[in-house]
Amino acid sequence: MSVDYSLADVCALACAEAFRGDGEILVSPIGTIPTIGARLAKATFSPDLMLTDGVASLVANVVALGETKGQIIEGHMPYRAIFDLVWSGRRHVIMGATQIDRFGNQNIANIGDWAKPKAQLLGVRGAPGNTINHPTSYFVPNHSTKSFVAKVDFVSGVGYDRAAALGPVASRFHEIRRVVSNKAVFDFVSAEKSEGGLRTMQLRSLHPGVTLEDVVANTGFSLVIPADVPTTRGPTEEELHLIRTVIDPKGLGKKELPG
Amino acid sequence: MSDKRIREEDVVALLKSGMTIGIGGWGSRRKPMSLVRAIVRSSLRDLTIVSYGGPDVGILCATGKVKKVVYGFVSLDSIPLEPNFRAARQQGTIEALELDEGMLQWGLYAASLRLPFLPTRAGLGSDLLRVAPHLKTVKSPYEDGEELVAVPAIHLDAALIHVHRADAAGNGQILGPDPFFDDLFCMAAKLRFMSCERLVETSQLLDDGPLQTLKISRMMTDGVVLAPRGAHFTSCDPDYGRDEAFQREYATAAVDPEKWRAFHDRWLTIDHAAYQRQLAEGDAAR
């Protein structure tokens with residue numbers, strides 16, 4: 001290890017990589033780690049990305065988490081404008097997922113039966129509309145068989161099996177780009193052994209120090225596992241410097257995700 | 001121009017049990033809390049609440065006012081899950097219609113345009129249509145033939161919103177960064193009530209903000225309630241931010257019956273004037 005980085009840095013960087021090549025669209029990172037990632041992508045390899053302050057302003061420059069001082073406002077982005085953007089497709093969101101399955105179906109609504117849930121969560125928020133309209137990725141900070149499940153209790157964000165069932169017209173804007181957990185990074189591929197050519201979750205890389213056995217044991221379904229699984233890349237010195245001094249000087253990422 | 005100034009109690013007197021009531025704001029932001037508390041003190045019940053939900057939904061659920069909630073989410077923002085709403089759902093004491101955030105906007109917009117529905121892709125493939133089988137799809141009559149969700153109009157009997165400035169005629173000004181969907185709630189409703197931080201002369205409406213902040217016109221309102229700090233404890237930027245300490249107290253009380261009784265008796269049984277005095281005493285003590 002040439003530089004001394006943390007799990008939070010690896011996850012933030014993996015979120016940043018999900019935005020690589022996105023160009024001039026709105027990116028909406030939900031939560032601390034995805035936000036560090038989005039700002040890092042904008043500050044380095046994807047400078048054209050558009051980001052809000054989390055309220056209603058588009059911010060042209062990259063400032064520290066939670067800071068408004070020094071922000072350069074480049075536009076107004078209230079929720080109504082965001083919904084319009086969602087439906088126009090010029091957006092990529094990283095949402096959370098209380099549960100996710102191998103087709104990328106996501107649940108943030110409730111655990112148990114919807115009619116009388118064991119645990120009521122947020123509600124579906126924008127997940128149905130996001131997933132059917134533009135690229136969606138997920139960040140799951142607590143990788144276990146409780147979050148990576150065989151079947152989600154309530155489909156909030158639409159996965160590849162549901163999208164395929166809608167047919168090619170309705171599903172033409174559907175894309176689950178990436179899933180980042182605290183153990184590994186995943187994407188979705190149409191593999192021979194997966195059902196009916198449907199895209200299912202593939203292990204894309206293992207975070208430094210995480211074993212394949214660990215990920216398999218903590219995943220409630222079978223993953224597509226390539227013969228050669230790379231290690232999730234760590235930050236360069238420049239990237240780490242940006243995280244530590246510009247984007248997250250207070251270390252909020254590490255507070256949220258120790259290790 | 002008619003003078004539409006009324007008090008919280010007058011608003012509640014115009015509402016009836018069983019009504020469908022839309023509440024503006026978003027999560028724990030710019031909620032008409034003095035009007036919500038007036039409902040708590042009333043004999044109203046069996047209400048259907050339509051909301052981008054926050055403590056408005058939670059408090060009305062916890063005080064037995066709600067039959068059904070129509071929502072895209074219910075959250076306190078800085079505290080992700082709304083404890084009173086969770087309890088009501090988990091105990092099965094309320095009915096629910098769960099919608100995607102954008103579907104909720106579309107339902108209000110359809111009602112405000114007097115259309116039976118508006119089409120969207122949002123909802124397709126999700127479980128929303130499974131648990132609400134009355135939600136139908138519609139096929140595009142054009143060459144594409146695309147199948148879309150037909151979000152039915154959400155007609156409101158009444159709408160409650162809170163804004164920064166208003167005049168006595170019922171024109172409203174939103175100085176905050178996001179007007180949310182307050183205008184749609186008003187347009188979708190038969191009776192429209194707006195509380196405000198400050199009442200000003202019509203000629204002063206542009207003193208605090210540009211033309212674009214005059215989002216609510218008097219043809220969209222039936223009553224104006226002067227309620228300084230009326231959104232407390234939710235945020236009302238730029239006039240004041242969320243009272244995070246108070247919100248934590250609310251959320252802590254919501255999961256403890258004894259604490260909840262104390263919170264309820266202290267804060268939910270008094271009129272807005274007394275509520276403001278009590279807040280001011282607390283401010284002075286801090």
Bottom line for B:E98: the part with an atom under 4.5 Å from chain A's heavy atoms is both
Worked check of side chain to side chain donor-acceptor pair (under 3.5 Å) between B:S217 and B:N171: CA-CA 4 Å; B:S217 85; B:N171 294 302; 5.1 Å; no
Let me know if A:D113 has heavy atoms under 4.5 Å from chain B in its side chain, its backbone, both or neither. neither
Looking only at heavy atoms, the pair that brings B:T221 and B:I216 closest together is CG2-CG2, 3.6 Å
Pick whichever of A:N105, A:V124, A:V158 has the most heavy-atom pairs under 4.5 Å with chain B. A:V124
Which atoms of B:Y71 approach chain A - backbone, side chain, both or neither, heavy atom under 4.5 Å: side chain
At their closest point, which heavy atom of A:H143 faces which heavy atom of A:S181, and how far apart are they? ND1-OG, 2.8 Å
Would B:V149 and B:F117 satisfy side-chain contact (heavy atoms from CB on, under 4.5 Å), going step by step from the backbone distance to the final call? CA-CA 9 Å; B:V149 176; B:F117 69 89; over 6 Å; no
Under a 4.5 Å cutoff for heavy-atom pairs, which residue among B:E147, B:E95, B:Q91 has the most contacts with chain A? B:Q91
Heavy-atom pairs under 4.5 Å with chain A are the metric here; pick the option from B:L99, B:L128, B:L104, B:D237 that has the most. B:L128
At a heavy-atom distance under 4.5 Å, which candidate from A:A127, A:A56, A:A119, A:S57 has the highest pair count against chain B? A:A119
Ranked by heavy-atom pairs below 4.5 Å to chain A, first place among B:S126, B:G123, B:P177 goes to B:S126
When the 4.5 angstrom heavy-atom criterion is applied to A:L122 and chain B, the contacting part is both
Mind ranking B:G92, B:G53, B:G145, B:G176 by heavy-atom pairs under 4.5 Å with chain A and telling me who comes out on top? B:G92
Is there side-chain contact between A:E256 and A:I33, with at least one heavy-atom pair below 4.5 Å? yes
Contacting region of A:A165 [heavy-atom separation from chain B under 4.5 Å]: neither
Between B:F180 and B:Y52, does a ring pair (Phe, Tyr, Trp, His ring centres under 6.0 Å) hold up when you go through it step by step? CA-CA 9 Å; B:F180 306 124; B:Y52 289 98; 8.6 Å; no
Tell me which of these, B:Q90, B:M103, B:R86, has more heavy-atom pairs under 4.5 Å with chain A than the rest. B:Q90
Nearest heavy atoms of B:H164 and B:P238, plus distance in Å: NE2-CD, 3.7 Å
Name the option with the most non-hydrogen atom pairs under 4.5 Å to chain B; the candidates are A:G157, A:A163, A:G129. A:G129
Would you sort out whether A:F173 and A:W87 count as a ring pair (Phe, Tyr, Trp, His ring centres under 6.0 Å), showing the intermediate values? CA-CA 10 Å; A:F173 307 122; A:W87 297 8; over 10 Å; no
In terms of ring plane angle, is the pair A:F83 and B:F181 parallel, tilted or perpendicular, where the classes change at 30° and 60°? parallel
Can you say whether A:H76 sits under 4.5 Å from chain B via the side chain, the backbone, both, or neither, judging by heavy atoms? side chain
